[in-house]
Number of protein chains: 2
Amino acid sequence: MNEEDLLVTTGEKLRKIFKKHNLKVTPQRVVIYKELIRSKEHPSATVIFDRIKRAFPNISFDTVNRTLLTFAELGLIKAVEGSGEPKRFDPNTAIHHHFICVRCGKIVDFKCDEFDKLQIPNEIKDRFNVLGHKVIVEGICDECSKNIKNKK
Amino acid sequence: MNEEDLLVTTGEKLRKIFKKHNLKVTPQRVVIYKELIRSKEHPSATVIFDRIKRAFPNISFDTVNRTLLTFAELGLIKAVEGSGEPKRFDPNTAIHHHFICVRCGKIVDFKCDEFDKLQIPNEIKDRFNVLGHKVIVEGICDECSKNIKNKK
DNA sequence: ATAAGTGCAAAACATTTGCAATATA
DNA sequence: TATATTGCAAATGTTTTGCACTTAT
């Protein structure tokens with residue numbers, strides 16, 4: 001698929017999803033989405049911005065940042081777990097797992113023997129020096145559910 | 001266990017670990033560790049700082065921040081996965097899993113049917129509105145391993 | 001036309017760094 | 001006493017906010 005096709009395809013995909021939410025499809029949004037798909041390393045807004053500003057010198061960092069947040073709200077993309085918040089510390093160094101509330105950021109520890117015993121795929125084990133693993137469960141916590149209901 | 005006992009116990013634990021690394025046990029470090037253990041929600045340096053500065057008005061934010069980073073380096077505590085770095089975005093919204101290099105932060109996606117099918121424990125499923133899950137594998141990536149070796 | 005989106009500049013935070021003063025062992 | 005640690009102040013970097021201007025529909 002050449003660049004032109006990718007642009008068209010990307011544009012079409014965005015057009016559908018954006019129409020559903022009454023949002024406009026702007027050149028900036030198309031460029032940002034295209035760049036994010038091309039980048040394989042889960043880049044930050046800064047990284048995306050640096051890459052596209054060569055071809056689009058007028059684009060502002062704010063637009064890139066706000067656009068990515070918009071995409072994430074629509075569910076078009078996801079923020080990498082934990083990233084974007086101040087560094088948080090866990091005194092529990094034994095293996096355990098985390099439930100994270102996507103709304104308020106609350107983290108609840110839980111134990112699960114099944115999860116502790118997971119076999120890491122060879123694809124990863126053979127390529128990297130694996131030190132540990134954990135399961136992250138995402139959802140809405142009890143308090144946030146309550147608040148959402150109360151707001152209605 | 002009363003406050004006094006906790007203080008003593010905490011002090012002893014720190015003393016052992018710190019002695020191993022030729023680090024000093026200071027009142028600040030004891031207080032910070034004590035507060036982190038008491039806090040169940042994986043607090044940030046700012047949160048810890050706000051809590052202990054009532055009782056220790058002279059303590060500085062830097063000390064709290066640097067101390068927590070020191071603890072993490074010693075393996076006494078852990079930084080919550082992903083926290084502390086700029087928000088990063090993932091265009092892949094389908095279920096998949098992450099290898100994260102603890103040294104350079106590189107994230108590598110991988111698929112694993114076993115992991116996709118994990119059954120979330122009732123303890124969590126019954127209490128929260130679960131939206132998804134993923135497995136985080138931590139380790140040192142190939143490039144970082146190479147660099148460590150080359151530095152010798 | 002009009003509502004949504006953009007770019008800019010300033011503000012608000014978080015984090016890091018260098019250094020002189022202080023406290024631990 | 002010697003060295004590690006602390007507190008402070010300044011620098012850096014990230015994210016957010018308000019607003020006037022521009023653009024997509």
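What you are looking at is a predicted structure, and each value in this text was computed from that prediction instead of being measured. Naming convention: chains lettered A, B, ... in sequence-line order (proteins, then strands); numbering from 1 in each chain.
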Quick one: B:Q28 CD to C:dA23 P, roughly how many Å, whole number? 9 Å

Could you state the atom-to-atom distance from NZ of B:K24 to C1' of C:dT22 in whole Å? 10 Å

Walking DNA chain D from its 5' end, the first of B:K87 and B:V25 to be reached, judged by nearest nucleotide, is B:V25

With a cut-off of less than 4.0 Å, is there a side-chain N or O of A:S60 near OP1 or OP2 of C:dG7? yes

Could you tell me whether A:N65 contacts a base, only the sugar-phosphate backbone, or nothing, with contacts defined as non-hydrogen atoms closer than 4.0 Å? base

On DNA chain C, nearest-nucleotide positions of B:T26 versus B:G84: which is more 5'? B:G84

Look at B:D142 together with B:K106 and state whether they make a salt bridge at an N to O cut-off of under 4.0 Å. yes

Quick one: are the ring centres of A:F99 and A:F110 less than 6.0 Å apart? no

Any carboxylate oxygen within less than 4.0 angstrom of a Lys/Arg side-chain nitrogen, looking at B:R51 and B:E41? yes

Strictly under 6.0 Å, is that where the ring centroids of B:F89 and A:F71 end up? no

Closer than 3.5 angstrom, by distance alone: can the side chain of B:H133 be matched with the main-chain N or O of B:F115 as a donor-acceptor pair? yes

Separation of C:dA4 atom P from A:E73 atom CD, nearest Å, is 14 Å

Pairing of A:E81 and A:K134 as salt bridge, 4.0 angstrom limit: no

What N/O pairs connect the protein and nucleotides 9-13 of chain C at under 3.5 Å? Give each pair on its own line.
unit_1 : atom_1 : unit_2 : atom_2 : d
C:dA9  : N6     : A:D62  : OD2    : 3.3

How many whole angstroms separate atom CZ of B:F61 from atom P of C:dT16? 9 Å

Measure CG/B:D50 against C1'/C:dA14 and give the value in whole Å, please. 13 Å

Round to the nearest Å and state the distance from A:K53 atom NZ to C:dT6 atom P. 18 Å

Contact boundaries on DNA chain D for chain B, cut-off under 4.0 Å to non-hydrogen atoms: D:dT3 to D:dT15

Distance check needed: C:dG5 C1' versus A:L68 CG, whole Å only. 15 Å

Is it true that B:E143 and B:K146 make a salt bridge, defined as a side-chain N closer than 4.0 Å to a carboxylate O? no

To the nearest Å, give me how far apart CZ (A:R66) and P (C:dC8) are. 11 Å

Donor-acceptor pair, side chain of B:R88 and main chain of A:P43, under 3.5 angstrom: no

Could you check whether A:L69 gets within reach of a base, just the sugar-phosphate, or nothing at all, counting any heavy atom under 4.0 Å? sugar-phosphate

Excluding sequence neighbours, so at least two apart, what forms side-chain contact (heavy atoms from CB on, under 4.5 Å) with B:L23? B:F18, B:H21, B:R29, B:T70, B:L74

